[in-house]
Amino acid sequence: MTLKIYGIGPSRAVRPIWTALELGVPFELISTPYAGGATRTPEFLAINPNGHIPVLVDERADGAITVWESMACALYIARVHGTADGQSITPATPREEAEALRWSFWTVSELESDALTVLMHRMAMPEDQRKPELADKAESRLKVPLAVLEQHLQAQHAKGEAYLAANRFTVADVCVASVASWIRPAAALLAQYPAVSAWVKACVDRPAQTQARGMK
């Protein structure tokens with residue numbers, strides 16, 4: 001069996017790459033940048049007709065399985081290639097599974113768009129192309145989901161649990177922190193949510209995240 005991940009670390013592909021590294025799952029990274037036309041070739045479009053990275057291809061004895069969408073790729077790797085032993089990042093209970101699912105989907109719908117706007121217009125884009133007013137509006141909108149995340153993390157702390165789904169780092173944290181970390185250029189905003197700020201730092205400081213981000 002061979003697990004292939006199409007993408008590069010400095011992209012949404014970081015999510016399945018990070019997940020595989022945390023689990024120690026062997027995989028082949030097929031370097032596929034999102035710029036320059038690599039995702040628009042006939043060969044790539046045959047794998048993902050949407051023309052986006054990442055794509056995961058799990059070549060199994062009973063046939064290849066293809067997964068699109070970064071959150072789905074990460075959740076698939078954790079569920080199919082991880083061990084639900086209460087030690088790894090794979091959810092080990094129905095509650096942990098539910099937390100991983102709900103926070104991953106919540107991130108896509110409530111956090112990702114504005115977090116990306118902050119990242120691009122506060123740091124990633126060339127300075128002369130940035131539009132601070134877009135970042136300002138995005139930061140204002142982010143106050144609502146950040147308050148929700150802050151409340152959840154505080155409730156977790158009250159139960160003696162340091163992460164989103166348990167008292168250990170899980171795939172739920174991979175999926176959400178990979179997006180929440182984009183808000184770090186808005187340091188003043190993030191400082192208003194101390195539990196979120198501390199949790200983001202704990203997640204992105206993990207060696208597997210650093211390794212994943214650097215893979216091209």
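Residue numbers start at 1 and run along the sequence shown. When reading the values below, keep in mind they use all heavy atoms of this one structure, side chains included, and skip hydrogens, waters and symmetry mates. As the structure is a computational prediction, the values presented were derived from the model and not from experiment.
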With Asp114 as reference, evaluate Lys137, Lys143, Arg122, Arg141 under the salt bridge (Lys or Arg N to Asp or Glu O under 4.0 Å) test and give the passing residue.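 Result: among Lys137, Lys143, Arg122, Arg141, Arg141 is the only option passing the salt bridge (Lys or Arg N to Asp or Glu O under 4.0 Å) with Asp114.
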Specify the closest pair of heavy atoms between Gly7 and Ala13, including all atoms of both residues, with the distance to one decimal.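 Heavy atoms only, the tightest pair is CA-CB, 4.0 Å.
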Under 6.0 Å between ring centres, would you say that holds for Phe169 and Trp18?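 They qualify: ring centres under 6.0 Å apart.
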Straight-line distance of [X] [atom1] to [Y] [atom2], nearest 0.5 Å:
| X | Y | atom1 | atom2 | result |
| --- | --- | --- | --- | --- |
| Ile77 | Leu23 | CD1 | CG | 8.0 Å |
| Glu127 | His121 | CD | NE2 | 13.5 Å |
| Ile5 | Ser31 | CD1 | OG | 12.5 Å |
| Cys73 | Asp58 | SG | CG | 10.5 Å |
| Ile89 | Glu22 | CD1 | CD | 5.5 Å |
| Leu21 | Arg206 | CG | CZ | 11.5 Å |

Give the other cluster members for Tyr6, using side-chain heavy-atom distances under 4.5 Å between Ile, Leu, Val, Met, Phe, Trp and Tyr residues; answer none if it is isolated.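 Result for Tyr6 is Ile8, Ile30, Tyr34, Phe44, Ile47, Ile53, Val55, Val57, Trp68.
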Could you tell me whether the side chain of Arg184 reaches within less than 4.5 Å of the side chain of Leu190, counting heavy atoms only?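 Yes, at least one pair of side-chain atoms sits under 4.5 Å.
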Of Thr19, Ile17, Val14, the residue whose pairing with Val174 passes side chain to side chain contact (heavy atoms under 4.5 Å, CB included):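 Checked Thr19, Ile17, Val14 against Val174; only one passes side chain to side chain contact (heavy atoms under 4.5 Å, CB included): Thr19.
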If a pair satisfies salt bridge (charged side-chain N to carboxylate O under 4.0 Å, His left out) and one of its residues is in residues 7-21, list it, with sequence neighbours excluded.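 Non-adjacent pairs meeting salt bridge (charged side-chain N to carboxylate O under 4.0 Å, His left out): Arg12-Glu112, Arg15-Glu112.
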Over 12 non-hydrogen atoms of neighbours within 6.0 angstrom of CD in Glu96: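 Yes, the 6.0 Å shell around CD holds more than 12 heavy atoms from other groups.
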Determine, step by step, whether Arg168 and Glu161 satisfy the salt bridge (charged side-chain N to carboxylate O under 4.0 Å, His left out) criterion, reporting the C-alpha distance in whole Å, the side-chain angles of both residues, the deciding distance to 0.1 Å, and the verdict. CA-CA 7 Å; Arg168 72 182 193 286; Glu161 298 189 350; over 6 Å; no
Just to verify, which of Gln151, His157, Glu150 counts as forming a side-chain hydrogen bond (donor to acceptor under 3.5 Å, both in side chains) with Gln154?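 Result: among Gln151, His157, Glu150, Glu150 is the only option passing the side-chain hydrogen bond (donor to acceptor under 3.5 Å, both in side chains) with Gln154.
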